[in-house]
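The structure appears right after this line, and notes come after that.
Both ligands and their constituent atoms are indexed starting at 1 by order of listing. No hydrogens, no waters, no symmetry mates; every other heavy atom, side chains included, goes into these values. Note that the structure is a prediction, hence the values are computed from the model and not measured.
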Amino acid sequence: MNTTGKVIKCKAAVLWEPKKPLSIEEIEVAPPKAHEVRIKIVATGICRSDDHVIEGHVKQMKFPIILGHEGAGIVESIGEGVTTVKPGDKVIPLIIPQCGECRGCHDPNGNICHKSDFGKYRGLMSDNTSRLTCKGQVVYNFLNTSTFTEYTVVEEMCVVKINDDVQLDKACVIGCGFSTGYGSAVNVAKVTPGSTCVVFGLGGIGLSVVIGCKIAGAAKIIGVDVNSDKFEKAKELGATECLNPKEFEAPIHEVLLKMTDGGTNYSFECIGRPDIMVSAILSTYAGSGTTVIIGVSAEEISFNPMILLMGRTLKGAIFGGFKSKDCVPQLVSDLISEKFNLDALITHRLPFTEVNKGFELLHKGESIRTVLQF
Ligand code: COD
Ligand code: ZN
């Protein structure tokens with residue numbers, strides 16, 4: 001049945017309020033307006049950032065909301081003026097838009113489009129309305145995307161066509177976790193061949209950093225996690241050794257300084273804890289080490305400026321510093337040509353309606369990425 005121009009009724013996982021399970025509801029998805037695209041979602045990963053909203057850690061968030069931001073799907077219909085995708089195209093929705101017009105998009109050294117909803121959490125399209133409703137109520141979107149739904153509508157600047165040959169139930173993790181971690185290593189830190197790296201937190205993001213460090217030619221990649229069950233996979237992906245801070249009396253940065261003749265060249269914080277952010281800085285070599293902060297924290301970070309004065313660099317990035325529309329198609333092509341393999345990141349697959357089970361696996365520390373299939 002041709003659905004173009006019509007409201008689609010479909011299933012979605014709605015979060016009515018924080019600290020509640022997601023509720024599978026029938027929602028209405030309005031047709032795309034000008035410069036918008038309606039997508040049939042085929043697969044979506046569960047990311048810790050979705051969980052942060054469920055747990056109530058993101059204070060500005062509006063409810064009800066449809067979470068999910070690591071998806072892949074097929075264009076169902078397009079609004080007036082859309083030129084870069086057409087019905088039937090395989091696409092990835094983009095958590096960082098690329099409008100191509102703002103200072104952020106013109107900045108060759110950054111990727112933060114001013115249209116991004118990251119940190120603002122308006123949850124609406126640019127015209128301040130939503131295409132999603134449930135039981136007569138407006139439903140907000142998450143990070144310009146919302147993928148825990150059979151259909152979603154995004155703006156053209158928040159979606160990109162990808163190679164037809166890719167499997168969408170793998171490519172979806174390029175929509176957030178993989179690109180965020182991998183780009184932090186190859187793009188943001190610019191890890192050099194022969195260097196020493198330490199990765200704090202071996203979840204989906206941290207393991208993607210490990211993949212990036214290995215591809216960049218790092219000689220030593222040390223993984224740090226309080227859950228030793230994460231070590232096997234980290235080593236499979238390229239970690240040369242792994243440490244559990246619970247097994248050491250001394251602070252972990254001191255252990256790392258000893259192991260690396262005075263500090264690593266690069267460190268990555270993939271947990272979202274201010275104390276670990278400071279440990280990450282302290283574990284790099286004082287003369288020239290670089291730290292990339294990837295985790296988000298509502299608390300402040302504090303340290304003596306002397307820590308940086310000697311020559312350390314502190315950086316941060318969203319989406320691995322990648323300009324989304326420019327870079328995601330290439331990442332998908334790199335997946336097809338087996339530059340990297342994402343199978344190890346996808347530990348569980350579930351039908352979309354079992355989304356809450358996917359979050360349980362995340363809470364228990366059992367999953368890296370659960371991919372929900374529609
Ligand atoms: N010391 C060592 N390891 C720890 C500690 C600790 N004190 N606490 C937790 N860990 C480990 C856990 O055992 C786990 O293995 C890992 O840290 C965290 O992994 P996950 O699977 O919970 O989380 P990820 O990898 O999916 O995401 C982690 C982020 C910190 C990146 C994420 O939570 C976040 O803050 N994202 C926002 C940043 C961003 O770019 N967002 C864009 C959209 S996501
Ligand atoms: Zn994410």
Side-chain angles (χ1 to χ4, degrees), residues 44-55 57-58 67-71 92-96 111-112 116-119 121 142-148 172-184 188 198-211 222-234 239 242-248 251-253 255-256 267-280 283 292-299 315-322 324 345-348 358-359 361-370:
T44 178
I46 293 180
C47 173
R48 181 61 75 172
S49 298
D50 300 308
D51 191 52
H52 286 324
V53 179
I54 300 176
E55 294 297 317
H57 298 157
V58 190
L67 297 174
H69 58 282
E70 193 178 84
I92 289 186
L94 305 170
I95 55 171
I96 296 286
N111 69 335
I112 304 302
S116 161
D117 207 26
F118 205 86
Y121 307 117
F142 184 45
L143 294 178
N144 301 85
T145 50
S146 285
T147 58
F148 291 167
C172 60
V173 299
I174 291 177
C176 177
F178 174 71
S179 310
T180 298
Y182 177 74
S184 296
V188 185
V198 57
V199 183
F200 290 84
L202 299 171
I205 309 278
L207 290 175
S208 302
V209 172
V210 170
I211 295 174
I222 307 167
V224 176
D225 202 297
V226 286
N227 180 355
S228 302
D229 292 346
K230 306 273 171 151
F231 294 170
E232 193 184 327
K233 185 142 283 183
C242 289
L243 306 177
N244 186 335
K246 289 185 188 159
E247 289 167 11
F248 296 88
I252 199 67
H253 69 269
V255 177
L256 285 158
S267 70
F268 300 87
E269 204 278 352
C270 315
I271 302 167
R273 289 182 52 134
D275 57 335
I276 309 288
M277 293 174 188
V278 177
S279 289
S283 42
V292 181
I293 288 183
I294 307 170
V296 164
S297 165
E299 292 159 55
K315 295 180 141 187
I318 302 284
F319 200 57
F322 285 120
S324 58
L345 297 181
I346 302 169
T347 51
H348 297 76
F359 280 99
L361 290 165
L362 183 68
H363 292 160
K364 285 195 250 164
E366 286 178 18
S367 59
I368 299 298
R369 275 303 194 256
T370 295

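- The shortest side-chain heavy-atom distance between Val209 and Tyr182 does not fall under the 4.5 Å cut-off.
- Near-neighbour remark for the Zn ion (ligand 2): protein N, O or S atoms under 2.8 Å are Cys47 SG, His69 NE2, Cys176 SG; waters not counted.
- For Ser267, the side-chain hydrogen bond (donor to acceptor under 3.5 Å, both in side chains) partners at least two apart in sequence or on another chain are Thr291.
- At distances below 3.5 Å, not a single donor-acceptor pair connects side-chain atoms of Glu232 with backbone N or O atoms of Ala234.
- Ser283 approaches Leu256 most closely through the heavy-atom pair CB-CD1, 3.7 Å.
- The closest side-chain donor-acceptor pair between His69 and Asn144, if any, does not fall under 3.5 angstrom.
- No salt bridge links Arg273 with Glu299; every basic N to acidic carboxylate O contact stays at or beyond 4.0 Å.
- Side chain of Asn244 to backbone of Val226: a donor-acceptor contact under 3.5 angstrom is found.
- Contacts of Asn227 classified as side-chain hydrogen bond (donor to acceptor under 3.5 Å, both in side chains), with partners at least two apart in sequence or in another chain: none.
- In plain terms, the two heavy atoms of Thr347 and Ile368 that are nearest each other are OG1-N, 2.9 Å.
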Enumerate the pairs of nitrogen or oxygen atoms, one from ligand 1 and one from the protein, separated by less than 3.5 angstrom; state names and distance to 0.1 Å.
{"residue": "ligand 1", "atom": "3 (N)", "partner": "Val226", "partner atom": "N", "Å": "3.4"}
{"residue": "ligand 1", "atom": "13 (O)", "partner": "Asp225", "partner atom": "OD1", "Å": "2.7"}
{"residue": "ligand 1", "atom": "15 (O)", "partner": "Asp225", "partner atom": "OD2", "Å": "2.6"}
{"residue": "ligand 1", "atom": "15 (O)", "partner": "Lys230", "partner atom": "NZ", "Å": "3.4"}
{"residue": "ligand 1", "atom": "22 (O)", "partner": "Arg48", "partner atom": "NE", "Å": "2.7"}
{"residue": "ligand 1", "atom": "22 (O)", "partner": "Arg48", "partner atom": "NH2", "Å": "2.9"}
{"residue": "ligand 1", "atom": "25 (O)", "partner": "Gly204", "partner atom": "N", "Å": "3.1"}
{"residue": "ligand 1", "atom": "25 (O)", "partner": "Ile205", "partner atom": "N", "Å": "2.9"}
{"residue": "ligand 1", "atom": "26 (O)", "partner": "Arg369", "partner atom": "NH1", "Å": "3.0"}
{"residue": "ligand 1", "atom": "33 (O)", "partner": "His52", "partner atom": "NE2", "Å": "3.1"}
{"residue": "ligand 1", "atom": "35 (O)", "partner": "Val296", "partner atom": "N", "Å": "2.8"}
{"residue": "ligand 1", "atom": "36 (N)", "partner": "Ser49", "partner atom": "OG", "Å": "3.3"}

